[in-house]
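Quick notes on the structure that follows.
Proteins get letters first, then strands, A, B, ... in listed order; numbering begins at 1 in each.
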There are 2 protein chains.
Amino acid sequence: MQEPNLTPVSYIVLGMIAWAGKATPYDLKQMVAASVGNLWSVQHAQLYTEPARLAGAGLLTEKREEGGRRRKTYSVTARGRRALERWLASPTAEDYELRDPGLLKVFFGAEPASVAADQLEVHEQKLAQYEETYSSIASDESLRGPALTLEAGIRHEREWIRFWRELV
Amino acid sequence: MQEPNLTPVSYIVLGMIAWAGKATPYDLKQMVAASVGNLWSVQHAQLYTEPARLAGAGLLTEKREEGGRRRKTYSVTARGRRALERWLASPTAEDYELRDPGLLKVFFGAEPASVAADQLEVHEQKLAQYEETYSSIASDESLRGPALTLEAGIRHEREWIRFWRELV
DNA sequence: ACCGTCATGTAATCGGTTACATGATTCT
DNA sequence: AGAATCATGTAACCGATTACATGACGGT
């Protein structure tokens, strides 16, 4: 029942389960892949270990089904919900980094035009995907957060496309 | 002398030492902090362990000074240089993620206006810093890579500022 | 001389990734 | 019935972060 270090991944798990009410690791995998996954990817194995960790810390409850697959289903406890709220309300200190492998290569002298060609394709595809998702959730008031996030994603994808296009 | 997995951090170390000719971990710390550090931060301890790893793999040579601080100085071997070139020329598959903690909070329902206020400040400061650095290196032909990287950084900072400003 | 900061490094821990493994379904 | 894919989970390893520790140097 220690208070462990809560990482972004912890909050992704916590936030997802809070939103859904309850979830198995596999549910998490699906939900994450379809949403935050683009913004912040999470390995599937972590969707097994992290909930276990959070359950150990009393932020989630774990219920294991008896028959069949003996799946574990998690829900958020009161403490968990409080931890999540606290995080949501806390100021964001850590600052963000671009961490783009392609850009890193350019930094170290890779031929800009050839990196750009690859990157353009990737970003154009991402953009199309985001725009499609966006149009399907934009009107849903309850998905304001995800919609805003997507909007940020779309804008940055457009910026990347402009940037790389100048270099090809 | 195994070929270990080379991570982005490996290439940062390799690239920096290649550029400088030779460097101690502390030199690396300085150089990284002043340049790629903004794009891709590296813990100082890694600037000790990673060169050691790379030396073990034959990509760097390690020379330890005898007197005084017994500092270790690293240089890139022929194999190291080849590994770097290969990386620079290889297509970039892995795709990039935004990974912005502030945006993550918005995704999970944090009050956009309050996150935005914090973020605006951070990004405005970053932008100013980047622009200053940019103007000091833009004309240097030998720093084309870093200059392009900075340009990308500047554009994205501007996009962030526009984005968060609409939300405050 | 002393104190604070810069410089330099190692050890321990832990989160994250990779690899492995197997039980259910679905489709042909 | 068999193959392929989906679902579910554990174990081992390794890179990355945190914490600890000490030596040198510049200023007062």
Among [options], which nucleotide sits nearest the side chain of [X]?
| X | options | result |
| --- | --- | --- |
| B/Pro25 | D/dT8, C/dT8, C/dG9 | C/dG9 |
| B/Ala45 | C/dT8, C/dT10, D/dG9 | C/dT10 |
| B/Tyr48 | C/dT8, D/dT10, D/dA16 | C/dT8 |
| B/Val9 | D/dA11, D/dA16, D/dT18 | D/dA16 |

- request: Go through the structure and list residues passing ring pair (Phe, Tyr, Trp, His ring centres under 6.0 Å) with B/Tyr130, not counting sequence neighbours.
  value: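 Applying ring pair (Phe, Tyr, Trp, His ring centres under 6.0 Å) to B/Tyr130 gives none.
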query: If you look at every heavy atom in A/Leu84 and A/Ala18, which pair is closest and at what distance?
result: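 In terms of heavy atoms, the two residues are closest at CD2-CB, 3.7 Å.
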Please state how far atom [atom1] in [X] lies from atom [atom2] in [N], giving the value in whole angstrom units.
| X | N | atom1 | atom2 | result |
| --- | --- | --- | --- | --- |
| B/Leu6 | D/dA16 | CG | P | 11 Å |
| B/Glu62 | C/dT8 | CD | C1' | 14 Å |
| A/Leu28 | D/dT8 | CG | C1' | 13 Å |
| A/Tyr11 | C/dG16 | OH | P | 13 Å |
| A/Trp40 | C/dG16 | CH2 | C1' | 13 Å |
| A/Asn5 | C/dG15 | CG | C1' | 10 Å |
| B/Leu47 | D/dT17 | CG | P | 11 Å |
| A/Tyr74 | D/dT8 | OH | P | 13 Å |

message: Treating B/Lys126 as the side-chain partner and B/Gly153 as the backbone partner, does any N or O pair qualify as donor plus acceptor under 3.5 Å?
response: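 It does not hold such a pair.
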Think [X] has a side-chain N or O under 4.0 angstrom from the OP1 or OP2 of [N]?
| X | N | value |
| --- | --- | --- |
| A/Gln43 | C/dT17 | yes |
| A/Gln46 | C/dT17 | yes |
| A/Arg71 | D/dG9 | no |
| A/Thr49 | D/dT10 | no |

- request: Go through the steps for A/Tyr96 and B/Trp160 under the test ring-ring contact (aromatic ring centres under 6.0 Å, His included), then give the verdict.
  value: CA-CA 11 Å; A/Tyr96 127 104; B/Trp160 278 121; 5.4 Å; yes
message: Determine whether a donor-acceptor pair (one donor, one acceptor, N or O, separation below 3.5 Å) exists between the side chain of A/His44 and the base of C/dG16.
response: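 It does not, because no donor-acceptor pair links the side chain of A/His44 to the base of C/dG16 below 3.5 Å.
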task: State whether B/Arg82 and B/Glu85 are salt-bridged, where the test is any N-O pair (Lys NZ or Arg NE/NH1/NH2 against Asp/Glu carboxylate O) under 4.0 Å.
output: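 Looking at B/Glu85 together with B/Arg82, the answer is no, because their closest N to O distance does not fall below 4.0 Å.
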